[in-house]
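Just so you know, residue 1 is the first one in the sequence shown, and it goes up from there. Bear in mind that the values here come from a model prediction, so they are computed numbers and not experimental data.
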Amino acid sequence: MSSRIEQIIEEIEEYVDSCKFQPLSTTKIVVNKEEIEELLRELRLKTPDEIKRYQKIISNKDAILEDAQAKADGIVAEAQAKAQELVTQHEIMQRAYAQANETINSANKQAQEIVDSATQDANSIRLSAITYTDEMMANIGNVLSDTLDDAGVKCKMFVESLQGCLEVVNQNRAELAPQTAQAAAMNNTYQQEFVPEPETELELDDILEEE
């Protein structure tokens, strides 16, 4: 059964695959910012829980070793009990000692094999958990890196577009500058030659004196 983080990563991959490409591009896509941020937000919330789960798996190594040691001790104790029972039988004393030693040696060997196997299993589980966690983090890093790269490209394209518009405006103004200067000069000439000066208004006192 896959973890929620694996499911979220699969959802992100499926979402990216479903996005439309930008015009005139086969590599850049258009994403919905809210949808991708929601998936990334859930991914950030689930990541600590996943790491704790695999840390718990790793911590089970000690429990596996303790269980194996307990089984080994039980086998040794059982072998020693059988050896003691054989030793108490006087008529087969020598044979009992030999058989007891053989039983004890066999039990010790079996116990060591159990401990070695348990240690190998625990180390394998630990290595698998660490490897999976690293791969999971790598996938998350790749998704975030791609998202940042895409955002950087979009910002750069927007700035370049504005810069292009500014250059067009400045170029048009430069082309119109001679005509603007000429129009201003013609307007000044017209003002000087054709617009009459306003008549001086008579003061109210002068009008009263004339009357």
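Between the side chain of Y15 and the backbone N or O of N32 there is at least one donor-acceptor pair closer than 3.5 Å. A distance-only check finds a donor-acceptor pair linking the side chain of T103 to the backbone of Q99 [under 3.5 Å]. Between the side chain of S124 and the backbone N or O of Q120 there is no donor-acceptor pair closer than 3.5 Å.
Here D121 pairs with nothing under the side-chain hydrogen bond (donor to acceptor under 3.5 Å, both in side chains) rule; sequence neighbours left out. Residues meeting the side-chain hydrogen bond (donor to acceptor under 3.5 Å, both in side chains) test with Q112, sequence neighbours left out: D116.
Applying the under-4.5 Å side-chain rule to Ile, Leu, Val, Met, Phe, Trp and Tyr, the cluster around I114 extends to I75. Cluster note: F158 groups with L162 through ILVMFWY side-chain heavy atoms spaced under 4.5 Å, whether in direct contact or through intervening members.
Separation of atoms CG (N123) and OG (S128) is listed at 10.5 Å; rounding is to 0.5 Å. Here the OG1 atom belonging to T119 is positioned 9.5 Å from the CD atom belonging to Q69, to the nearest 0.5 angstrom. I29 CD1 to K20 NZ: the interatomic distance, rounded to the nearest 0.5 Å, is 12.5 Å.
Among pairs with a residue in residues 68-78, those fulfilling salt bridge (Lys or Arg N to Asp or Glu O under 4.0 Å) read D67-K71, E78-K82, at least two apart in sequence or across chains.
The environment of E160 atom CD is dense: over 12 non-hydrogen atoms of other residues, nucleotides or ligands sit within 6.0 angstrom. Heavy-atom neighbours of E102 CD from other residues, nucleotides or ligands within 6.0 Å: at or below the threshold of 12.
Counting heavy atoms from C-beta outward, V76 and I104 have side chains that stay 4.5 Å or more apart.
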Indicate every side-chain donor-acceptor pair of residues 37-45 with a distance under 3.5 Å to a residue at least two apart or in another chain.
unit_1	atom_1	unit_2	atom_2	d
E38	OE1	R41	NH1	2.5
E42	OE1	R4	NH2	3.2
E42	OE2	R4	NE	2.8
E42	OE2	R4	NH2	2.9

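Nearest heavy-atom pair across C19 and V30 is CB-O, 3.4 Å.
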